[in-house]
Structures are given as structure tokens and as C-alpha cells.
2 protein chains.
Amino acid sequence: MNRRIPDSTVRRISHYLRALEVMGVQGTPTVSSEELAQQGGTTAAQVRKDLSHFGSFGKRGLGYSVPELASRLRDILGLTCRWRVVLVGAGRIGSALFEYPHFARRGYDCVAVLDNDPEKIGMSWGPVRIRPVEELELVVDALKVDIAILAVPAEAAQTLAERAVAAGARAILNFAAVQLRVPAHVHVAYVNLVVELEALSFAITQNGKGRRK
Amino acid sequence: MNRRIPDSTVRRISHYLRALEVMGVQGTPTVSSEELAQQGGTTAAQVRKDLSHFGSFGKRGLGYSVPELASRLRDILGLTCRWRVVLVGAGRIGSALFEYPHFARRGYDCVAVLDNDPEKIGMSWGPVRIRPVEELELVVDALKVDIAILAVPAEAAQTLAERAVAAGARAILNFAAVQLRVPAHVHVAYVNLVVELEALSFAITQNGKGRRK
DNA sequence: TCCTGTGAAACGGTTCACAGCC
DNA sequence: GGCTGTGAACCGTTTCACAGGA
């Protein structure tokens with residue numbers, strides 16, 4: 001029940017929650033740390049340690065109640081309210097994200113979409129009209145945006161991040177292939193396809209001695 | 001120059017390479033570990049330690065030659081050959097990926113696209129025709145695929161991963177929100193939007209005391 | 001007995017600090 | 001003097017092992 005939670009713990013808890021939700025649909029009443037570990041790709045001791053950061057949710061000898069633990073994990077992850085998100089960049093990745101069904105279902109409301117392409121500005125994506133990127137500060141401030149998603153070219157990301165933060169954004173999900181410099185109170189998550197692909201080609205090169213013949 | 005390279009090191013090297021490529025275009029001849037660290041969002045000691053796993057590429061008192069180090073890092077990451085990739089899932093994320101300009105430019109050739117939607121099968125994406133997902137084994141085997149990209153629903157991912165591996169794939173980039181179970185020699189990279197978003201909502205909830213009023 | 005919760009030990013990655021070479 | 005390369009110290013996470021409650 002202490003402070004300073006490892007980032008790895010938070011990510012695993014997100015996985016545990018998803019496994020619990022599947023079990024909930026299937027009607028499984030209780031689950032052991034061992035079973036959760038298998039779903040989450042980790043160990044039973046790790047599951048128990050992760051959960052112990054936040055309290056004692058299980059019953060010794062019995063395990064965890066699936067609906068109760070799911071509810072507690074939703075609380076911990078901050079999924080009991082809806083978050084206001086602005087999407088910056090209405091390109092391919094932006095549109096894929098916008099239509100991602102889990103996105104709205106899991107509590108994230110895309111309250112605005114911005115782009116700098118005159119061809120796109122004014123278009124409607126469902127209920128949302130694409131606005132010029134100049135309105136970033138206006139949107140973040142007036143619509144009380146919590147999270148800015150940057151799906152823009154690498155060169156533009158740093159400036160846009162600074163502008164979003166200055167206007168009040170508290171977290172950024174960055175798809176651009178650059179490391180962002182932001183104040184310590186702002187949280188950044190990275191989705192970097194180039195890094196992931198290069199990690200794979202590195203691993204194959206090391207192990208498998210080059211590509212397939 | 002030893003074995004067992006931390007995953008974190010590989011990812012940082014990918015960042016260093018991108019920074020070096022920008023410097024190369026700008027004509028910067030040499031760079032210090034301090035400068036590289038700033039671009040990569042880390043420390044000078046970390047840069048030197050990362051590089052020391054693979055050899056000694058710098059000159060004491062002077063720094064690193066930008067083009068030479070870039071070339072060495074490309075070797076290390078396995079970017080000197082082109083990798084054959086199959087894309088499984090021709091939905092929003094799949095199409096965003098397929099059109100991602102860096103994808104082909106950085107050495108990844110998407111040799112086939114598969115889907116299970118009869119509406120999509122037979123459509124052409126540029127030079128590639130979308131094939132039925134039943135042909136996964138055929139494609140991986142005949143086209144000597146190295147990397148399978150799974151942009152499919154979570155329920156389908158595990159089975160498709162096993163099929164791709166059985167047919168000879170050596171690495172998987174998984175966009176589905178599940179942990180995959182694969183043999184140890186197969187490398188998996190994850191891109192999980194739900195986890196990233198939940199890590200952000202957790203961070204805001206902890207620090208900022210809930211969403212903006 | 002079964003399975004959780006948790007201190008303590010083990011491990012591995014990061015940071016430090018300095019020797020060594022330009 | 002400046003900057004790299006690297007063993008050693010440090011520190012945070014994971015794993016172990018067991019006490020304790022159902």
C-alpha cells in the first residue's frame with residue numbers, strides 16, 4: 001500500500017484487468033494468482049506483488065473474486081471516469097485510432113481532431129469536425145482536455161507537445177518517433193513502430209543468423 | 001563486446017540511430033555521448049555503456065564519427081538487408097501500417113496481406129492483393145516470411161501466431177491486446193494502445209487527483 | 001490443505017567515477 | 001584538456017520462501 005509504483009506493474013495490471021473481464025463474461029467466479037499469471041504472461045508471485053502495492057484483494061486459500069478484483073483494478077487505473085482526449089493529426093494512424101472500438105468503450109472521449117492539411121480541415125469524422133491545428137490551445141483549454149494524442153510527423157511533435165502542455169494537457173500519447181522533453185508532471189506514453197520493428201530485426205539477426213534463405 | 005544485450009539498450013540504440021541520421025543530413029561530422037544522450041532522452045554514461053556492448057566506436061577526446069557510428073548501428077540492428085513481412089489483418093490499423101512511409105523505406109517489404117473478410121479478399125493495395133487468411137502457412141513458407149504482423153482481434157491472435165510460427169516465422173509484431181505464448185526462439189514485440197492509455201490514466205489519477213474540472 | 005501477502009535474497013540494469021587514449 | 005570505455009557501486013524490480021488466514 002506504499003507509493004512509487006513501477007511502470008511495469010501498471011502495465012501488467014492493465015493486462016490482468018483484461019483477463020478478468022474475459023473471465024467475467026464467461027462467468028468464472030474466482031481466480032488464483034497462478035491463473036491470472038498465465039493470462040498475463042507472468043508469474044504468480046509477480047501478480048501477488050503487483051496487487052500488494054495497492055492493498056489486499058484476495059482471500060487466502062481461495063483466491064480473488066473476479067468481479068471484485070476487476071472493479072478494484074478499474075479504480076486503480078482510473079477507468080471510472082471518462083477522459084477527454086484531443087487527437088492531433090488526422091492521417092492514417094489518427095484515423096485508425098479514432099475508429100478503434102475499444103477507445104470510446106474504455107472511457108476515452110475524442111472531443112476534437114486537429115490537422116494542418118487544408119484538404120482535411122472542415123471534414124467530419126462522425127460527430128467531430130476536423131479543425132486547424134492552430135486551435136490546439138483553444139481546444140485543450142476550452143474543452144478541458146486531459147490527454148493529447150500526437151499522430152504527427154517527428155519534426156512537429158516536440159512543438160505540439162509543448163503547446164498542448166502549456167494549454168493544460170497532463171498526458172501525451174506520442175506516435176512520433178522522437179523522445180519528447182516535457183515537464184516532470186506531464187506523463188508521456190510512446191508507441192514507436194520503428195523501434196519495435198528494429199528490436200525484432202535485431203533479435204532475428206542475433207539469434208537466427210540473418211534472414212531466411 | 002559480450003552477449004545478453006538488455007532490451008532497453010536495443011531500443012535506445014534505435015533512437016540513437018535516428019538522431020544520427022538527422023545529424024547526417026545536417027552534415028554534422030562528429031558527436032559526443034553527451035549530445036547523443038540529449039537526443040535520445042538519456043544520459044551520456046548510458047550511451048557509452050549501450051555502445052560498449054558491441055565494441056568501441058568512438059575516439060577518446062573527440063567523440064564519434066556520425067556517418068561511421070550510424071553505419072555500425074545499422075549493422076547491429078540488422079538493417080542492412082530487407083526483411084519480408086506478412087500483414088495479417090487488413091483493417092484500420094493494418095492499412096495505416098501498410099501505408100506508413102518509413103515501413104518500406106527502412107527495409108521492410110510487405111510481401112502479402114491477409115484477411116478473413118470476404119469483402120476485402122481480392123482487393124488490391126498497391127501491388128499487393130489481399131488473400132484469405134487460410135493461406136497464412138502457404139505465404140509464410142513460400143515467400144520466406146521473416147516477420148508476421150498481427151493486426152487482428154485479440155481472440156484470433158494466439159492461433160494466428162502459432163500458425164505463423166509453425167510455418168517458419170521468426171518474429172511477430174502484435175497489435176492485439178493479448179500476451180502471446182510462443183516458443184523461446186520466436187521474438188514478439190507488442191504495440192498495445194489500451195495498455196498505453198491506461199498507463200496514462202493511472203498516472204494522471206495518481207498525480208493530478210483526477211481529471212480536469 | 002490451499003493460496004494469499006510480504007519481508008528478504010537475488011538479479012540485472014543504471015549510474016558513478018576514473019583510467020586511458022586522443 | 002576532453003571524451004571514451006569500463007569495472008564497481010548502487011538501486012529498483014523480480015523471485016524466493018514462508019508465515020498466516022480461510
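What you see below is based on every heavy atom in this structure, not just the backbone, and it leaves out hydrogens, waters and symmetry mates. By convention in this document, chain letters (A, B, ...) are assigned in the order of the sequence lines, proteins followed by strands, and residues within each chain are numbered from 1.
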Enquirer: For A:Phe57 and C:dC3, give me the distance from atom CZ to atom C1', rounded to whole Å.
Expert: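 Checked: the CZ to C1' distance equals 17 Å.
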Enquirer: Using a strict threshold of under 4.0 Å (side-chain N to carboxylate O), is an ion pair present between B:Arg48 and B:Glu34?
Expert: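 Salt bridge: no.
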Enquirer: Measure from CG on A:Leu69 to C1' on C:dG5 and round the result to the nearest Å.
Expert: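 Atom CG in A:Leu69 sits about 14 Å away from atom C1' in C:dG5.
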Enquirer: Do A:Asp7 side-chain atoms and A:Arg11 backbone N/O form a donor-acceptor pair below 3.5 Å?
Expert: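 Side chain of A:Asp7 to backbone of A:Arg11, a donor-acceptor pair under 3.5 Å: no, none is there.
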Enquirer: Let me know the distance between CD of A:Glu68 and P of C:dT4, rounded to the nearest Å.
Expert: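 Value for this atom pair: 14 Å.
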Enquirer: Roughly how many Å is it from NZ in B:Lys49 to P in D:dC10, rounded to a whole number?
Expert: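 After rounding, the gap between these two atoms is 15 Å.
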Enquirer: Would you check if A:Leu77 and B:Thr205 make a side-chain contact, meaning some heavy-atom pair closer than 4.5 Å?
Expert: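 With C-beta onward as the side chain, the pair stays apart.
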Enquirer: In terms of side-chain geometry, is the basic nitrogen of A:Glu21 or A:Arg106 positioned less than 4.0 Å from the acidic oxygen of its partner?
Expert: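 Looking at A:Arg106 together with A:Glu21, the answer is yes, because their closest N to O distance falls below 4.0 Å.
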Enquirer: Can we say B:Arg82 and B:Asp109 salt-bridge, meaning some charged N sits less than 4.0 Å from an Asp/Glu carboxylate O?
Expert: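 Looking at B:Asp109 together with B:Arg82, the answer is yes, because their closest N to O distance falls below 4.0 Å.
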Enquirer: Side chain of B:Thr9: nearest nucleotide among C:dT4, C:dT14, D:dT4?
Expert: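 The nucleotide sitting nearest to the side chain is C:dT14.
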Enquirer: Take the protein atom OH of B:Tyr64 and the nucleotide atom P of D:dC3, then report the distance between them rounded to whole Å.
Expert: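 Those two atoms, OH and P, are 12 Å apart.
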Enquirer: Nearest to the side chain of B:Ala45, heavy atoms from C-beta on, is which of C:dG5, C:dC16, D:dT14?
Expert: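 Output: C:dC16.
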Enquirer: For A:Phe57, is there any backbone N or O sitting under 3.5 Å from a side-chain donor or acceptor partner on A:Tyr64?
Expert: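 No; zero donor-acceptor contacts below 3.5 Å.
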Enquirer: Nearest whole Å is fine: how far is C:dT4 C1' from A:Leu51 CG?
Expert: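 Going from A:Leu51 (CG) to C:dT4 (C1'), I get 10 Å.
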Enquirer: Would you tabulate the pairs of protein nitrogen or oxygen atoms and nucleotide nitrogen or oxygen atoms of nucleotides 19-21 of chain C closer than 3.5 angstrom?
Expert:
| unit_1 | atom_1 | unit_2 | atom_2 | d |
| --- | --- | --- | --- | --- |
| C:dG20 | N3 | B:Arg60 | NH1 | 3.2 |

Enquirer: Does a side-chain N-to-carboxylate-O contact under 4.0 Å join A:Arg12 and A:Asp50?
Expert: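 The answer is yes: the pair qualifies as a salt bridge.
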Enquirer: Could you list the protein-to-nucleotides 11-13 of chain D atom pairs, N/O on both sides, closer than 3.5 Å?
Expert:
none

Enquirer: Side-chain N or O of B:Ser33 versus OP1/OP2 of D:dC3: is the shortest distance under 4.0 Å?
Expert: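 Result: no.
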Enquirer: Apply side chain to side chain contact (heavy atoms under 4.5 Å, CB included) to A:Gln26 and list each qualifying residue two or more places apart in sequence or on a separate chain.
Expert: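 For A:Gln26 the side chain to side chain contact (heavy atoms under 4.5 Å, CB included) partners, ignoring immediate neighbours, are A:Val22, A:Thr28.
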Enquirer: Please figure out whether B:Ser32 or A:Thr42 has its closest DNA chain D nucleotide nearer the 5' end.
Expert: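 Final value for this comparison: B:Ser32.
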Enquirer: Please answer whether the main-chain N or O of B:Arg181 pairs with a side-chain N or O of B:Gln158 as donor and acceptor at a distance below 3.5 Å.
Expert: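 Side chain of B:Gln158 to backbone of B:Arg181, a donor-acceptor pair under 3.5 Å: yes, one is there.
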Enquirer: In this structure, how many angstroms lie between the C1' atom of C:dC3 and the CG atom of A:Leu62, rounded?
Expert: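 A:Leu62 atom CG is separated from C:dC3 atom C1' by 9 Å.
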Enquirer: Could you check B:Ala44 against A:Arg48 and say which one's nearest nucleotide on DNA chain D is further toward the 5' end?
Expert: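 Upstream on the strand: B:Ala44.
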Enquirer: Would you kindly give the CG-to-P distance between B:Asp50 and D:dT4, to the nearest whole Å?
Expert: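 In whole Å, D:dT4 P lies 13 Å from B:Asp50 CG.
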